[in-house]
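Presented below is the structure to which this report refers.
Because the structure is a prediction, the values reported are computed rather than measured.
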Amino acid sequence: VRLCRCGCRALLSRPAGALRALRGLAAGPEMHFGFQTVTEAERREKIYQVFESVAKKYDVMNDSMTLGIHRVWKDILIHKMNPSPGTLLLDVAGGTGDIAFRFINYVRSVRERQLQRKLKHHQNLSWQEIFESYQKDKLNSLGDSQVVVCDINREMLKVGKQKAQHLGYSEGLSWVLGNAEELPFDDDKFDVYTIAFGIRNVTRIDLALQEAYRVLKPGGRFLCLEFSHVSNPLLSRLYDLYSFQVIPVLGEVIAGDWKSYQYLVESIRRFPPQEELKAMIEDAGFFKVDYENLNFGIVAIHSGFKL
Amino acid sequence: VRCQHYPPLRALQASAVLRRVSDEHKKEPLTSSSQQHFDSHPAGHQPEQEPQGPHPSYTGQGGQESEDYESEEQLQHRILTAALEFVPEHGWTAEAIAEGAKTLGLSVAAAGMFHSDGSELVLHFVSECNTKLSELLEKEQKLVQLGEAEKKPIDEFLRDAVEARLRMLIPYIEKWPQALSVLLLPRNIPSSLNLLTSMIDDICHYAGDQSTDFNWYTRRAVLTGIYNTTELVMMQDSSPDFEDTWRFLENRVADAMNMSNTASQVQSTGEAVVQGLMGAAVTVSNAETSRAVR
């Protein structure tokens, strides 16, 4: 665990700022946990507990909160990635494996199309040769693509592994326990690094971005799918209404956990908006950094390349 | 909202891939070398470049951004050039670009910098071909000016220029129909039209066209028509070394030459006819007046 440095970003001007002055210095720099103010160590602990308690109902809650739209968002992320067979993906904070499974499906279908095209060209082979090449390619249905799912929370990984077994995903998939701020991987290893709805929960975002830069190969791509800032005022009000009135209630009714979902909604409001996150990604050394708003800014996909 | 804004005070970090321009451009004349010696920063520093201008050593007025590293545009250029050799196998697609990136030592994910339909690859190729054609025509013109070669008659010049340009397609001829369809995508039409018109303009210019009237447009329109139709004929030509195509080209150029002769002939015939009618009218009116007088 890295020692905390006093490099905290200035907290946004909220009433909590005044409270902070009254609290006095606690152990370590002050951070936000939803709309509360806590120390860095406390924040990690609290977030771990949040996800430990929601792990089993995570997918169900996602569906009910976003009315199933989160599936579309994740599909769009994979389409934007457009992975070719042979790609090595690192999915950080990938807990229950949504991105990993979609990646595997996509690569499989691309590979099938590739094989079909190859077969069309091989018009002059003997039956034996065709049979052999078919066998060889059948064994390699993913074309050497692999995905590593990394998450800091054991419970989320457990749920993910169970899901994989249940849905029949076995090859090309591995599960690793790790902290996004200090990844247990070597430099220059992965083609693509994704973090879907996870970077909001990372305590030191700049460290996570630096780690992302480190483990990517030259030319590798960083993709971040996260809730972001809605600029349209009407939509923003409706969204706030929905977030603060409906979601915690759903959390209590479905998962029996009001506070975790209160945290979720608050953490979305605390997260930096699109441009600021883009600047942070550029600071980590990425090039061609850009973002795409989905649903008017409710969600944004940031993309950068290690060049 | 997309913006490509690079603040000058970015964290100083050595780029993993963008090469030092000084490696590439060693032969460049260092007339503005004073710019390069401006370096007050340490060696391994920020490679951000102004996107415009292919010669980074001469840009950068502020001097804060290094002029030693290539820009992203140049890297993209390199990737696309490397990708061209994979086109016969994979077509004009993101796969070819991914393979190209691999040969440069980059991850296949670098193909994500481009559109997934291969547009940039096709446009890059067309632009390269046009540049090669310009250089070829420039060289030929120099030879003529130095007196080492004879000036070709117009129809032969046009024929040779169009043939030279179309021959550049031969290595990719199998996948060229796909490239044409990509060029016709609404998103690409402004760029592809731009490239086409500038190429035709180049040829006309080197052919010695100095017209300043409406002929300027007519000539280019005719040549564009010749080029496009010949290209289409080439797509489905299976004769050895595309002989049929070159013969088609010859006929079309001859037609174009005849057309301009015919046009002037028609004009003079028309004038003659009009004069005849005028004369007849005058004769008739004279006859009438003389009868009236009698």
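When each of A/Asp191, A/Thr87, A/Asp188 is paired with B/Ser107, the side chain to side chain donor-acceptor pair (under 3.5 Å) condition holds for A/Asp191 and for no other.
When heavy atoms are compared at a cutoff of 4.5 Å, B/Ala94 approaches chain A solely by way of its side chain, counted from C-beta outward. For chain A, no part of B/Glu99 is nearby; none of its heavy atoms comes within less than 4.5 Å. Neither the backbone nor the side chain of A/Gln274 comes within contact range of chain B; no heavy atom of the residue lies under 4.5 Å from a heavy atom of that chain.
Scanning all heavy atoms of the two residues, the minimum distance from A/Phe287 to B/Glu72 falls at CD2-OE2, 3.0 Å.
We find the NZ-OG distance between B/Lys102 and A/Ser84 to be 7.5 Å, quoted to the nearest 0.5 Å.
Heavy-atom pairs under 4.5 Å with chain B were tallied for A/Pro83, A/Gly220, A/Ser231, A/Gly219; the largest tally goes to A/Gly219. Heavy-atom pairs under 4.5 Å with chain A peak, among B/Gly112, B/Ala111, B/Ser116, at B/Gly112. Ranked by heavy-atom pairs under 4.5 Å with chain B, the first of A/Arg117, A/Lys217, A/His79 is A/Arg117. Of the listed residues B/His90, B/Gln76, B/Glu89, the one with more heavy-atom pairs under 4.5 angstrom with chain A than any other is B/Gln76.
Within 6.0 Å of CZ in A/Arg237 there are 12 or fewer heavy atoms belonging to other residues, nucleotides or ligands.
In this structure, A/Arg113 does not pair ionically with B/Glu95, as no charged nitrogen and carboxylate oxygen lie closer than 4.0 Å.
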